[in-house]
Amino acid sequence: MNLFSEIRALVVAQLNALQADGLLPEGLDFVNVAVEPPRDAAHGDMATNAAMVLAKPAKMKPRDIADALAAKLAEDARIQTAEVAGPGFLNLRLAPVLWQDLVAAVLKSGADFGRSDMGQGKRVNVEYVSANPTGPLHVGHTRGAVFGDALAALLDFSGYDVTREYYINDGGAQVDVLARSVYLRYLEAHGQDVAFEDGTYPGDYLIPVGKALKDKVGDAYVGQDETVWLAEVRAFATEKMMGLIREDLAQLNISMDKFFSEKSLYGTGLIEGAIQSLESKGLIYEGVLEPPKGKKPEDWEPREQTLFKSTEHGDDVDRPVKKSDGSWTYFAPDIAYHYDKVQRGYDELIDVFGADHGGYVKRMKAAVSALSGGTVPLDIKLTQLVKLYKNGEPFKMSKRAGTFVTLRDVVDQVGADVTRFVMLTRKNDAPLDFDFDKVLEQSKDNPVFYVQYAHARVCSAVKKAEEAGIDVSDAALNGADLSLLADPAEWAVAKKLAEWPRLVEIAGRTHEPHRVAFYLYELAGDLHSLYHAGKDNAELRFVQEDNAAVTQAKIALARAVAIVISAGLGILGVTPAQEMR
RNA sequence: GCACCCAUAGCUCAGCUGGAUAGAGCGCUGCCCUCCGAAGGCAGAGGUCUGAGGUUCGAAUCCUCAUGGGUGCGCCA
């Protein structure tokens, strides 16, 4: 139940009626007619811009349209008042019974309140994390992981059929480096002294992998040339690293539906097939690229390469798919991977990248546009850097990796719930400050605490009602007489709840899960306000020990808030707190 | 040099894909617990939305240019 769409439907119906009455010309387009919460609550519960949007095409004065529409709307029982204001806004005040109905609807739908069929079951693939399998996940990956996961949940809640996917970059040179690094640890496990030169991974996390390799093959690779062991060790190490990454993700309660291996594209004709598909569209040619302007690479020489004419699909320059020696560039398997996703029949694709891949967006979109003939939209969300702080100081150490802060360093210190919530308190394309102390602080300027506290507060109110001997079971609350919720302060909370389905829709449409976090913060604030109002006005307290019916109505409202908080936190992947400690 | 992202209160940030007097937290100022709901609450001050043009009934939001910051720019993925 979305009250805003309901009232918008009413507005449109009455506009049609005005046309039938000859008060509005025929043939008007109502798509731009919006029903929104007014910025200022004094203007009413909802406002519509219908008169202003239609004034021009109808060749009428906005106020004349607004007056006519107001008269029509006022006939409906749901509309208490309809007033024309400002340049032609129509401010609507809704009948109180609607707020009561809304609370009842929340209780009835439970966690599904706000779920919509906006996506109409369309298949959408959300690719995120996709970190190289060369070590544990670090903070940067963590933000992408949390963002992607919340976006996937949000789309699921909005009626899409979502696949959560991880692309394993196990085909390139970096896994050779990994294999050589593991080999060094393997030698070390045999008691040899080894040196980690530039271009190898010195992290401690490879020590157990080296030992495991020793356990598996004994000394078979000792003293052997890399031609003997490289392929084997690479496969072994990649598998171990993916195990590590899966465990890291599990720390954040993330589980992917699919892991797609880059390696599986090689030697199977898949890359060739994807390139061929582009070639058949005349988008592949042999050519020489212009050198980049400004700072030129030292060893620049013009070379002929196989190029993808990405400029025909919005890119700035054409991109190489083959190196001058004839082998594939990293871009080629990426094209093949996205071709595979297109062929798997997704209606929409979403990639979540780190901001350092920003230069990659246009060519990837160009590739998907070309491969799908423009039928499959690709949205690429970039997550900006996370700056870590501790005691107000920039924080850079890592216990495990020596060089970077890992996902586990963060989760170990503050927990999965806090990590997830905080990572979503910024827009994805804005840098994020993550202060280890602030995120654990119990105060209003810590959104995690504030939202969790609101939920816990409701739990505690329910408990208190039970202790007073009042039946606040689900059945009792469903049957509560909500007309006893008569105070505007209580309606205000219900109004905020009414915005939830609309908020979900907007967040889903814009692929912006952070909106959920901000909404929850506001809703929590409203709940806390109502609670505190009970200090001055005892009639507003949730628990009225001598009046079971009133208590049930108030607890019903509080429970409705908890349900929405819980649903919202569910989308963010955060567990609601039953009590604060 | 080019492309993309960003610029909103002293600080950190929202801002509904064009709506009314631009919001929140922190900080600041002022009130509020001898008692029943202060891990605080209420109220107030604080803004030319970086600048200049443009589009229109209407712009923080869209377009152009400028300024400042971030990211990236053939044989690394």
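Below, read A as the first sequence line, B as the second, and so on, with proteins coming before strands; counting in each chain starts at 1.
Picking from rG41(B), rC5(B), rG74(B) the nucleotide with the shortest atom distance to the side chain of Q305(A) gives rG74(B). Closest contact between the side chain of V53(A) and the listed nucleotides rG19(B), rU12(B), rC16(B) involves rG19(B). Distances were taken from every side-chain heavy atom of P320(A) (C-beta onward) to each of rC57(B), rA39(B), rG74(B); the shortest belongs to rG74(B). Side-chain proximity of R426(A) to rG15(B), rC13(B), rU17(B): nearest is rC13(B).
Here the C1' atom of nucleotide rC73(B) and the CG atom of D318(A) are 15 Å apart, to the nearest Å. A straight line from CG of D435(A) to C1' of rU12(B) spans 12 Å, rounded to a whole angstrom. Separating the CZ atom of F449(A) from the P atom of rG25(B) is a distance of 15 Å, rounded to the nearest angstrom. The CD-P distance, from E512(A) to rA14(B), rounds to 10 Å in whole Å. When the P atom of rA38(B) is taken as reference, atom NE2 of H532(A) falls 8 Å away, rounded to whole Å. Between L3(A) atom CG and rC16(B) atom C1' there is a gap of 16 Å when expressed in whole angstrom units. Across the protein-nucleic acid pair, K56(A) atom NZ and rG58(B) atom C1' stand 12 Å apart, rounded to whole Å. Taking atom CE on M52(A) and atom C1' on rG18(B), their separation rounds to 11 Å, with Å as the unit.
A donor atom on one side chain and an acceptor atom on the other are found under 3.5 Å apart for D351(A) and H338(A). Using a 3.5 Å distance cut-off with no hydrogens or angles, the side chains of D318(A) and T311(A) do pair a donor with an acceptor. Side-chain contact check for Y337(A) and E165(A): at least one donor-acceptor pair (N or O, by modelled atom type) lies under 3.5 Å.
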Check against ring pair (Phe, Tyr, Trp, His ring centres under 6.0 Å), Y450(A) and Y521(A) = CA-CA 7 Å; Y450(A) 201 60; Y521(A) 183 71; 5.2 Å; yes
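Across all strands shown, P447(A) has no heavy atoms under 4.0 Å from either base or sugar-phosphate atoms. Residue contacts for R509(A): at a heavy-atom cut-off of 4.0 Å it reaches the sugar-phosphate backbone alone, with no base atom in range. Note on A507(A): nothing from the nucleic acid sits closer than 4.0 angstrom, heavy atoms only. Using a 4.0 Å heavy-atom criterion, one finds that D356(A) contacts the sugar-phosphate atoms exclusively. Within 4.0 Å (heavy atoms only), Y453(A) reaches at least one base atom of the nucleic acid. Using a 4.0 Å heavy-atom cutoff across all strands shown, E262(A) reaches sugar-phosphate atoms only and no base atom. When heavy atoms are screened at a 4.0 angstrom cut-off, K322(A) is found touching no nucleic acid atom at all. S324(A) comes within 4.0 angstrom of a base, heavy atoms only. F518(A) comes within contact range of the sugar-phosphate backbone alone, with a heavy-atom separation under 4.0 Å but no base atom that close.
A salt bridge does not link E505(A) with R502(A): none of the charged nitrogens is closer than 4.0 Å to a carboxylate oxygen. Salt bridge present: R234(A) and D176(A) bring a charged side-chain N and a carboxylate O closer than 4.0 Å.
In this structure, K323(A) reaches the rA77(B) phosphate: one of its side-chain N or O atoms is under 4.0 Å from OP1 or OP2. Taking 4.0 angstrom as the limit, K362(A) places a side-chain polar atom (N or O) nearer than this to OP1 or OP2 of rC4(B). Applying the 4.0 Å criterion to OP1 and OP2 of rC42(B), one finds that S529(A) has a side-chain N or O inside that range. Applying the 4.0 Å criterion to OP1 and OP2 of rG15(B), one finds that K427(A) has a side-chain N or O inside that range. Between H357(A) and rA3(B) there is no side-chain polar atom (N or O) within less than 4.0 angstrom of OP1 or OP2.
Between the T551(A) side chain and the Q544(A) main chain, a donor and an acceptor come within less than 3.5 Å of each other. Looking at R541(A), its side chain does come within 3.5 Å of a backbone N or O of G534(A) through a donor-acceptor pair. Using a distance-only test at 3.5 Å, with no hydrogens or angles considered, no donor-acceptor pair links the side chain of S327(A) to the main chain of K323(A). A distance-only check finds a donor-acceptor pair linking the side chain of N446(A) to the backbone of K438(A) [under 3.5 Å]. Within the 3.5 Å criterion, the main-chain N or O of H138(A) finds a donor-acceptor partner in the side chain of H141(A). Without hydrogens or angle criteria, D170(A) side chain to K263(A) main chain gives a donor-acceptor distance under 3.5 Å. Between the side chain of R8(A) and the backbone N or O of V33(A), at least one donor-acceptor pair lies under 3.5 Å.
For the P atoms, the distance from rC63(B) to rA7(B) is 14 Å, rounded to whole Å. Rounded to a whole angstrom, the distance from the P atom of rU50(B) to that of rC16(B) is 15 Å. Spacing of C1' atoms, rA22(B) relative to rU48(B), comes out at 12 Å, to the nearest Å. With C1' as the reference atom, rU8(B) and rG46(B) are 14 Å apart, rounded to whole Å.
A heavy atom closer than 4.0 Å to some atom of RNA chain B occurs in Y330(A), these being the qualifying members of residues 328-338 of chain A. A heavy-atom distance below 4.0 Å to RNA chain B is reached by these residues of residues 534-546 of chain A, ordered by number: K535(A), R541(A), F542(A).
Between K381(A) and Y128(A) there is no side-chain heavy-atom pair separated by less than 4.5 Å.
Of all heavy-atom pairs spanning P133(A) and V175(A), the tightest one is CG-CG1, 4.1 Å.
Interface remark: the R515(A) side chain does not form any donor-acceptor pair with the rC16(B) base, using a distance-only criterion of under 3.5 Å. In terms of polar N and O atoms assigned as donor or acceptor, the side chain of N91(A) comes within less than 3.5 Å of the base of rA20(B) in a complementary pairing.
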query = Given Watson-Crick or G-U pairs with both distances under 3.5 Å, what dot-bracket string fits RNA chain B, with | for other-strand pairs and [ ] for crossing?
reply = (((((((..((((.....[...)))).(((((.......))))).....(((((..]....))))))))))))....
